[in-house]
Student: 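Just dropping this structure here.
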Number of protein chains: 2
Amino acid sequence: MAIHRSPSDPCPLAGAGGRNHLVAKLGAAADLSDEDKNAVVDICSQVREIAARHDIISEGVRPDHVHIMVEGWAARYKMVDDGSRQITAFLLPGDFCDLHVTILGDMDHGIVALTPAKVAFVPHQVMQDLPLGRPELLRALWWATLVDEAVLRSWIVNIGRRKSSERVAHLFCELQARLKLVGLVSGDHFDLPLTQEIIADAVGLTPVHVNRTLQKLRELGLIVLRGGALTILDIDGLRDFAGFDPNYLHRGRLARKH
Amino acid sequence: MAIHRSPSDPCPLAGAGGRNHLVAKLGAAADLSDEDKNAVVDICSQVREIAARHDIISEGVRPDHVHIMVEGWAARYKMVDDGSRQITAFLLPGDFCDLHVTILGDMDHGIVALTPAKVAFVPHQVMQDLPLGRPELLRALWWATLVDEAVLRSWIVNIGRRKSSERVAHLFCELQARLKLVGLVSGDHFDLPLTQEIIADAVGLTPVHVNRTLQKLRELGLIVLRGGALTILDIDGLRDFAGFDPNYLHRGRLARKH
DNA sequence: CGTTCCCTTGACACCGATCAACTCTGGTGG
DNA sequence: CCACCAGAGTTGATCGGTGTCAAGGGAACG
């Protein structure tokens, strides 16, 4: 079931037969019809490639399209006055970058590609019309938005009240759960193309301290992190250590209602 | 324009002639018709009072109504394993407590009244029907949801990358801007019914350190905090000190489009 | 007039930041 | 094939901000 895809695998354009992670995610939450799924695949037809370290969308601009991650990793971030950076979300294949900008106008933060990325560009009007006459798909899109919000809350808790090693452990637990949902976890390991500096910017620490924190997690026998891939040796132990409760991701919540 | 209302003022039931803060908020963002506004006022007709320190909604329950703050303050919070608490949002008059629960199911966090509060109870079905045939109101509700999300991101930045006194200052700037939007700021001061412990739980510090932090802000001549009310002596100075950019609140964004 | 929160203050411990140097790795070009 | 280089990871020494613990003060309230 879980399909491992390294960044170097050839990936057909979304909609041309390749696995569509957005469909996988929405389909896990709601009971989508084939017509619903095809409609989702269709809007992902126009894909652009973005080089690593390049902004997909910059702060202050008003994008004329909605962007959807098709392949690769990206991060929402905000620069602070003193020059430091805070990442507020990791964007994985199947995630929306800026569903909100249709309503809110200018971006109040930037989105940067962390790896070479493929991003689908969807015209606003197409995105607005998508859920019309498709109530279950509408619910699924709402679900995705609200889970994103729940993830933001969990980050606040993580950064505000947990110690350094717990923070990093909690982040790994979240990423494992989210990647699993879109089929990007293979057994107990998955690609984790994040430098220690990126992790630091996500959990509110410095790169040096993230390094020491990772050593601790390794010494505890919880993880192996090497070559851009993370192996979780003891998922229960890691979750326990981090105080991770997957409930906030609301997996399968919608499905259970039907 | 700005109306100061202390918690002890008599407040008529929403819809019975009193100022409706939700209408004020949504009306500031979108161009609502009188019919739109009346519809919003109508759904706030059933109000219940909650005592301070009592949960309005507890973690794990599935509320059978949508809750809207009518009067008083509340906080979203999550308890952490070690017994500490993290507040992830302050809920002010006009804010939705749990618009998401219709879709997501169980609450993944609790909401507690920080003062004696009045909360409107709206049946799910009534809430779902509200925006039907009222496109501008639908946009306004989306706007409110997305601004809440933007506030969550700004909290992550605040807690993750700012020093203690900047964090508290930034929180004060946010509350000032949000309260002003619903007409609860009078000149340069407003009610701030928060103990130092509550502030600490919101910005990821300890009560003792919040105390020292407040002293610093006072010494800098930026604020006066006394008797449950905050006076901002130098709003530009405070915003500068905190690195506060009100842009993320997207005030009047929708209105400007029309 | 006592009780109960809440605020305040001081001494001290410790976690994580900072600064600086060194290592390791992978990629590039001679 | 090797030399070089840039980026990332690692380590050590030290600093400083925030947490912790404990005691005292003050205001609201019954």
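Side chains included, hydrogens not; waters and symmetry mates left out as well; all remaining heavy atoms used. Per chain, numbering begins at 1; letters A, B, ... match sequence-line order.
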Student: Return the set of residues passing side-chain hydrogen bond (donor to acceptor under 3.5 Å, both in side chains) with B:Asn211 (not counting sequence neighbours), or none when no residue passes.
Tutor: B:Gln196, B:Gln215
Student: Side-chain contact test, heavy atoms from C-beta onward, threshold under 4.5 Å: evaluate it for B:Phe190 versus B:Leu230 and give yes or no.
Tutor: yes
Student: In residues 72-91 of chain B, what residues come within less than 4.0 Å of DNA chain C, judged by heavy atoms?
Tutor: none
Student: Let me know the distance between CD of A:Gln196 and P of C:dC24, rounded to the nearest Å.
Tutor: 15 Å
Student: What integer distance in Å separates B:Ile199:CD1 from C:dC7:C1'?
Tutor: 12 Å
Student: Can you list every pair that meets ring-ring contact (aromatic ring centres under 6.0 Å, His included) and has a residue in residues 200-239 of chain B, with sequence neighbours left out?
Tutor: none
Student: Would you list the pairs meeting salt bridge (Lys or Arg N to Asp or Glu O under 4.0 Å) in which at least one residue belongs to residues 214-225 of chain A, sequence neighbours left out?
Tutor: none
Student: Find out whether B:Leu175 and B:Trp73 are in side-chain contact, i.e. whether some heavy atom of one side chain is under 4.5 Å from a heavy atom of the other.
Tutor: yes
Student: In this structure, how many angstroms lie between the C1' atom of D:dT10 and the CD atom of A:Glu197, rounded?
Tutor: 15 Å
Student: Who are the side-chain contact (heavy atoms from CB on, under 4.5 Å) partners of B:Val80, not counting sequence neighbours?
Tutor: A:Val157, A:Arg161, A:Arg162, B:Asp82, B:Ser84
Student: Test of understanding: with side-chain contact (heavy atoms from CB on, under 4.5 Å), list the residues that count as partners of B:Glu59, not counting sequence neighbours.
Tutor: B:Lys78
Student: Using a 4.0 Å cut-off on heavy atoms, which residues in residues 214-233 of chain B reach DNA chain D? List them by number, or say none.
Tutor: none
Student: Ignoring hydrogens and geometry beyond distance, is a side-chain donor-acceptor pair present between B:Tyr77 and B:Asp55 at under 3.5 Å?
Tutor: yes
Student: In the 5'-to-3' direction, what one-character label does each nucleotide of nucleotides 15-21 of chain C receive under the scheme B = base within less than 4.0 Å of a protein heavy atom, S = sugar-phosphate only, - = no such atom?
Tutor: -BSBB--
Student: Does any pair with a residue in residues 146-168 of chain A pass ring-ring contact (aromatic ring centres under 6.0 Å, His included), and if so which ones, sequence neighbours excluded?
Tutor: A:Phe90-A:Trp155
Student: Are B:Asp240 and B:Asp234 side-chain neighbours, meaning at least one heavy-atom pair lies under 4.5 Å?
Tutor: no
Student: Could I get the full list of side-chain hydrogen bond (donor to acceptor under 3.5 Å, both in side chains) partners for B:Arg167, not counting sequence neighbours?
Tutor: none
Student: Identify, with sequence neighbours excluded, every residue that meets side-chain hydrogen bond (donor to acceptor under 3.5 Å, both in side chains) alongside B:Arg178.
Tutor: B:Asp95, B:Glu174
Student: Have a look at the helix from C:dC1-D:dG30 to C:dG30-D:dC1 and give the angle its two end axes make, five pairs each, rounded to 10 degrees.
Tutor: 40°
Student: Rounding to a whole Å, what distance do you find between B:Leu192:CG and C:dC6:P?
Tutor: 14 Å
Student: Could you tell me how far apart B:Asn211 (CG) and D:dC21 (C1') are, to the nearest whole angstrom?
Tutor: 15 Å
Student: Is the distance from the ring center of B:Phe96 to that of B:His67 below 6.0 Å?
Tutor: no
